[in-house]
Amino acid sequence: GVERKLAGKQAGTRTFAFVSLGSTLFSIVSVHALDFIRVPVVIGTPLNGDPTKLNRDESSVLLGWRSRMGEHTRRKIEARVQNDGKFLYVQLEEKTDARKVKPSNDVYAGDHWDILLSPQRQRPYREIAVGAKGNWMCREFGKDAEAHEPWDSGAVVVSDLLKKDTWTVSIALTLDRLLPEGVKPGGKIYMNMSRRSPCSDDEPVWVPTFGEFNDLTRLRELVLETEDAIPTNLPTAAEMKDLQTRSLVGRWKLDEGTG
């Protein structure tokens with residue numbers, strides 16, 4: 001391109017080929033860059049299967065919610081995940097007028113959250129849908145058949161509409177029932193999430209870039225952290241001083257208010 005510029009010539013086939021290749025690589029990177037999410041392990045008070053005790057400071061925030069068409073969502077959605085080696089904890093929260101949340105005895109007929117879970121980016125997979133009343137449904141979809149059957153998830157689900165401006169759903173899923181063969185700390189799970197609302201044109205989803213909620217090949221990858229991910233062999237004061245003299249210590253100041 002530079003050679004043709006200096007020669008006063010228009011860009012040729014090679015230039016366009018390189019530009020196309022570069023843009024393709026950027027697209028591929030953008031698709032896969034956010035696939036991997038770590039699920040922190042509980043380091044404080046044990047949660048003991050109570051999803052309402054999820055520690056917001058220790059959990060991972062799941063960002064990147066968008067509309068089903070890939071556009072910016074008007075809804076204020078926040079999701080968090082954490083694990084304690086026995087349970088996967090999921091907290092789903094929307095800042096909204098709680099009076100406008102529409103409950104229904106049929107989970108799928110009213111406002112609800114929908115989560116897909118799989119051991120890999122293909123069938124079989126499992127689904128849990130949670131309604132405003134705290135009612136929920138768990139289904140399992142096999143490798144081949146489109147038909148589904150109930151999934152005995154052992155889930156603990158709490159739906160909270162007591163706050164006037166917030167709807168919060170807290171879920172605890174046992175790891176040994178989460179996937180067909182269970183999942184152990186340090187293992188991987190694949191998950192997509194959505195916020196469904198009847199008669200609404202804004203139903204946010206949490207999926208990889210350019211992914212569709214129901215596209216199993218585009219499920220997000222999550223890794224359950226283990227206790228050994230937390231450092232226990234911190235340097236002593238003398239070792240820290242030695243590291244500092246060798247310019248191996250980085251320091252920064254957090255100025256984000258209290259907390």
Side-chain angles (χ1 to χ4, degrees), residues 19-20 22-40 51 54 56-82 88-104 107-118 121 125 127-132 136 159-161 163-171 189-223 254-257 259:
V19 171
S20 299
S23 62
T24 301
L25 291 175
F26 274 113
S27 298
I28 293 174
V29 169
S30 68
V31 168
H32 295 283
L34 298 178
D35 280 3
F36 174 81
I37 302 290
R38 68 182 186 87
V39 182
L54 176 141
R56 295 175 64 85
D57 294 329
E58 296 177 3
S59 61
S60 275
V61 183
L62 307 183
L63 304 174
W65 289 78
R66 58 175 177 79
S67 75
R68 298 177 67 180
M69 302 300 293
E71 301 169 344
H72 178 72
T73 174
R74 300 185 300 273
R75 295 179 182 267
K76 297 179 180 179
I77 303 288
E78 181 178 281
R80 293 175 179 270
V81 289
Q82 194 173 17
L88 170 67
Y89 300 93
V90 182
Q91 187 178 83
L92 304 163
E93 185 175 278
E94 179 182 9
K95 295 294 183 182
T96 184
D97 186 344
R99 296 172 298 180
K100 295 183 179 180
V101 177
K102 299 177 181 179
S104 174
V107 175
Y108 297 99
D111 281 293
H112 66 280
W113 300 86
D114 204 352
I115 302 176
L116 302 183
L117 296 155
S118 177
R121 290 192 173 103
Y125 70 96
E127 175 193 38
I128 177 170
V130 181
W136 46 278
S159 177
D160 183 1
L161 281 168
K163 295 180 181 179
K164 295 181 179 180
D165 62 347
T166 306
W167 177 27
T168 303
V169 166
S170 302
I171 307 171
I189 59 176
Y190 294 88
M191 180 170 73
N192 280 351
M193 297 185 292
S194 68
R195 165 69 170 90
R196 302 301 196 191
S197 186
C199 303
S200 174
D201 62 350
D202 188 5
E203 296 184 308
V205 294
W206 183 79
V207 298
T209 307
F210 309 124
E212 291 290 339
F213 172 70
N214 293 312
D215 184 356
L216 300 180
T217 65
R218 301 297 302 125
L219 294 171
R220 274 268 176 91
E221 180 181 331
L222 286 78
V223 176
L254 300 181
D255 187 12
E256 300 178 351

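The structure presented is a predicted model; accordingly, all values stated were derived computationally and were not measured. Heavy-atom basis, side chains included; hydrogens, waters and symmetry copies ignored.
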Q) Do Asn214 and Leu116 come within less than 4.5 Å of each other through their side chains, counting heavy atoms only? A) yes
Sequence neighbours excluded, the answer for salt bridge (charged side-chain N to carboxylate O under 4.0 Å, His left out) partners of Asp165 is none
Are any non-hydrogen side-chain atoms of Val205 and Arg66 less than 4.5 angstrom apart? yes
Sorted by chain and residue number, the ring pair (Phe, Tyr, Trp, His ring centres under 6.0 Å) partners of Trp167 (sequence neighbours excluded) come out as Trp113
Sorted by chain and number, sequence neighbours left out, salt bridge (charged side-chain N to carboxylate O under 4.0 Å, His left out) with Glu78 holds for Arg56, Arg80
### Query
So, do Ile115 and Met191 sit near enough that their side-chain heavy atoms are less than 4.5 Å apart?
yes
By side chain to side chain donor-acceptor pair (under 3.5 Å), Thr168 pairs with (sequence neighbours left out) Glu93
Nearest heavy-atom approach of Leu216 to Leu219 is O-CG, 3.4 Å
Query raised in the report: Can you find a heavy atom in the side chain of Thr166 that is under 4.5 Å from one in the side chain of Lys95?
Result: yes
Contacts of Ser104 meeting side chain to side chain donor-acceptor pair (under 3.5 Å) (sequence neighbours excluded), chain-then-number -> none
Scanning both residues in full, the closest heavy-atom pair of Pro103 with Val101 reads CD-O, 3.1 Å
The side-chain hydrogen bond (donor to acceptor under 3.5 Å, both in side chains) partner of Asp111 among Lys102, Arg195, Arg196 is Arg195
The side chain to side chain contact (heavy atoms under 4.5 Å, CB included) partners of Pro51 (sequence neighbours excluded) come to Tyr89, Val156, Val158, Ser170, Ala172
Taken to the nearest 0.5 Å, the spacing of Leu222 CG from Arg38 CZ works out to 11.5 Å
Taken in chain and number order and not counting sequence neighbours, the residues that satisfy side chain to side chain contact (heavy atoms under 4.5 Å, CB included) with Ala98 are Leu161
Applying side chain to side chain contact (heavy atoms under 4.5 Å, CB included) to Arg99 and not counting sequence neighbours gives Asp97
Correct closest heavy-atom pair for Asn192 and Arg220 would be OD1-N, 3.3 Å
Those residues at least two apart in sequence (or on a different chain) that pass side chain to side chain contact (heavy atoms under 4.5 Å, CB included) with Asp202 are Ser67, Thr73, Arg74, Arg75, Ser200, Pro204
Ser59 side chain to Gln82 main-chain N or O, any donor-acceptor pair under 3.5 Å?
-> no
Asp114 meets the salt bridge (charged side-chain N to carboxylate O under 4.0 Å, His left out) criterion, sequence neighbours left out, with none
Residues passing the side chain to side chain donor-acceptor pair (under 3.5 Å) test with Thr217, sequence neighbours excluded, are Asp215
Those residues at least two apart in sequence (or on a different chain) that pass side chain to side chain donor-acceptor pair (under 3.5 Å) with Glu203 are Arg68
When every non-hydrogen atom of Ala79 is compared with those of Trp65, the smallest separation belongs to CB-CZ2, 3.8 Å
Rounded to the nearest 0.5 angstrom, the CG-CH2 distance for Leu92 and Trp206 is 10.5 Å
Between the CG atom in Leu117 and the CD1 atom in Ile128, the distance rounded to the nearest 0.5 Å is 8.0 Å
